[in-house]
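Worksheet for the structure shown next.
Predicted model only: the values in this text are computed from it and were never measured.
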Amino acid sequence: MSRDTIADIITSIRNADMDRKGTLRIASTNITENIIKILLREGFIENVRKHQEGKNFFLALTLRHRRNRKEPCRTSLNLKRISRPGLRIYSNYQQIPRILGGMGIVILSTSRGIMTDREARLEGIGGEILCYIW
């Protein structure tokens, strides 16, 4: 039985955002590091630090919150896993969906690495749709 690391980090970030936690710690792998770099570059995450405990590496994320938000169940960060181990979803660069008319991002796993939908359209390559973020 394999674990879905992408779904684990998406769920961890979503739960920490709903609880309004400031920091979050997730296990570090190549895929999670690339996804977190995209989230940091797009402004969904405020800061990332990598640290080691024993032989294991972890990423400490600082989430970005709106200051005046009162309700604990409303999230400012929406993440949705699309392709999963039981059902892979692929798309060519012409059919990559636009989230909220281009306001959100789609994270793709392509032959040139993990990238956003805008980068994939510019390079003219498609791939597996990992998740939507808006």
Side-chain angles (χ1 to χ4, degrees):
M1 183 168 153
S2 66
R3 291 184 50 159
D4 189 6
T5 58
I6 299 170
D8 288 344
I9 65 165
I10 287 174
T11 303
S12 298
I13 293 171
R14 186 184 311 118
N15 289 342
D17 188 52
M18 284 182 3
D19 259 357
R20 296 200 36 86
K21 295 197 187 254
T23 60
L24 169 68
R25 192 178 87 159
I26 60 172
S28 176
T29 63
N30 288 337
I31 294 173
T32 57
E33 284 182 18
N34 289 331
I35 291 174
I36 296 303
K37 284 178 188 175
I38 289 173
L39 291 175
L40 182 66
R41 189 175 63 227
E42 295 290 328
F44 292 107
I45 293 176
E46 194 170 318
N47 191 14
V48 178
R49 287 176 284 124
K50 187 173 183 178
H51 62 90
Q52 182 178 5
E53 291 180 7
K55 293 182 179 180
N56 299 327
F57 287 94
F58 294 96
L59 295 173
L61 309 175
T62 305
L63 298 178
R64 181 168 299 206
H65 292 290
R66 281 190 249 157
R67 302 283 183 231
N68 298 330
R69 204 173 70 188
K70 301 281 186 206
E71 303 90 26
C73 59
R74 290 266 183 189
T75 62
S76 62
L77 181 63
N78 294 309
L79 299 109
K80 184 176 180 185
R81 176 81 158 116
I82 301 302
S83 185
R84 51 192 170 87
L87 179 65
R88 303 287 185 183
I89 307 294
Y90 296 95
S91 176
N92 61 11
Y93 77 96
Q94 297 158 336
Q95 296 175 344
I96 297 173
R98 293 186 188 273
I99 305 302
L100 293 176
M103 297 284 289
I105 62 170
V106 177
I107 297 181
L108 297 156
S109 175
T110 66
S111 59
R112 296 185 193 156
I114 295 177
M115 60 180 64
T116 64
D117 56 339
R118 285 179 233 126
E119 295 168 348
R121 282 190 197 96
L122 286 175
E123 293 190 23
I125 56 175
E128 180 182 355
I129 300 175
L130 298 178
C131 59
Y132 296 157
I133 302 167
W134 69 96

Item to check | For the student: nearest non-hydrogen atoms of Ile96 and Ser91, plus distance | outcome: N-OG, 3.3 Å
Checklist entry - Any link between Ile125 and Leu108 through a network of hydrophobic side chains (Ile, Leu, Val, Met, Phe, Trp, Tyr) touching at under 4.5 Å? => result no
Checklist entry - When hydrophobic residues are tied together by side-chain contacts of less than 4.5 Å, even through go-betweens, does Leu40 share a cluster with Ile10? => result yes
Item to check | Connected via hydrophobic side-chain network under 4.5 Å: Leu87 and Tyr90 | outcome: no
Checklist outcome for this item: On a heavy-atom basis, the closest approach of Leu24 and Ala16 is CD1-CB, 4.1 Å
Checklist entry - Is atom CZ of Arg88 surrounded by more than 12 heavy atoms (other residues, nucleotides or ligands) closer than 6.0 Å? => result yes
Item to check | Min side-chain heavy-atom separation Ile13-Leu39 under 4.5 Å | outcome: yes
Item to check | Carboxylate-amine/guanidinium contact Glu119 Arg112, below 4.0 Å | outcome: no
Checklist entry - Taking atom CZ of Arg14 and atom OG1 of Thr11, what is their separation to the nearest 0.5 Å? => result 5.0 Å
Next on the checklist: Has Arg81 got a side-chain atom pairing as donor or acceptor with Ser83's backbone, closer than 3.5 angstrom?
Outcome noted: yes
Checklist entry - Could you give the distance from CD1 (Ile133) to CD1 (Ile45), rounded to the nearest 0.5 Å? => result 8.0 Å
Checklist outcome for this item: OG1 of Thr32 to CD1 of Ile6, rounded to nearest 0.5 Å, is 9.0 Å
Checklist entry - Going hydrophobic residue to hydrophobic residue with side-chain gaps under 4.5 angstrom, can you get from Ile89 over to Ile31? => result no
Item to check | Heavy-atom closest pair, residues Lys50 and Ser28 | outcome: CE-OG, 3.7 Å
Checklist entry - Could you give the distance from OH (Tyr132) to CD1 (Ile99), rounded to the nearest 0.5 Å? => result 5.0 Å
Item to check | Glu128 side chain near Leu130 side chain, heavy-atom distance below 4.5 Å | outcome: yes
Item to check | Heavy-atom side-chain contact between Ile105 and Asp117 under 4.5 Å | outcome: yes
Item to check | Closest approach of Asp17 to Leu77 (non-hydrogen atoms, all atoms of both residues) | outcome: OD2-N, 3.3 Å
Checklist outcome for this item: For Tyr93 and Arg121 the tightest heavy-atom approach is O-CG, 3.8 Å
Item to check | Separation of Met115 CE from Lys37 NZ (nearest 0.5 Å) | outcome: 13.5 Å
Item to check | Cys131 side chain reached by Leu79 side chain, heavy atoms, under 4.5 Å | outcome: no
Next on the checklist: Taking the side chain as everything from C-beta on, heavy atoms only, tell me whether Arg41 gets closer than 4.5 Å to Thr116.
Outcome noted: yes
Item to check | Residue pair Thr110 / Glu123, side-chain heavy-atom distance below 4.5 Å | outcome: no
Next on the checklist: Is there a path of hydrophobic side-chain contacts, each under 4.5 Å between heavy atoms of I/L/V/M/F/W/Y residues, joining Phe44 to Trp134?
Outcome noted: no
Checklist entry - Under 4.5 Å between any side-chain heavy atoms of Ile26 and Ile36, yes or no? => result yes
Next on the checklist: Rounded at 0.5 Å granularity, tell me how far CZ in Arg49 sits from CG in Leu61.
Outcome noted: 9.5 Å
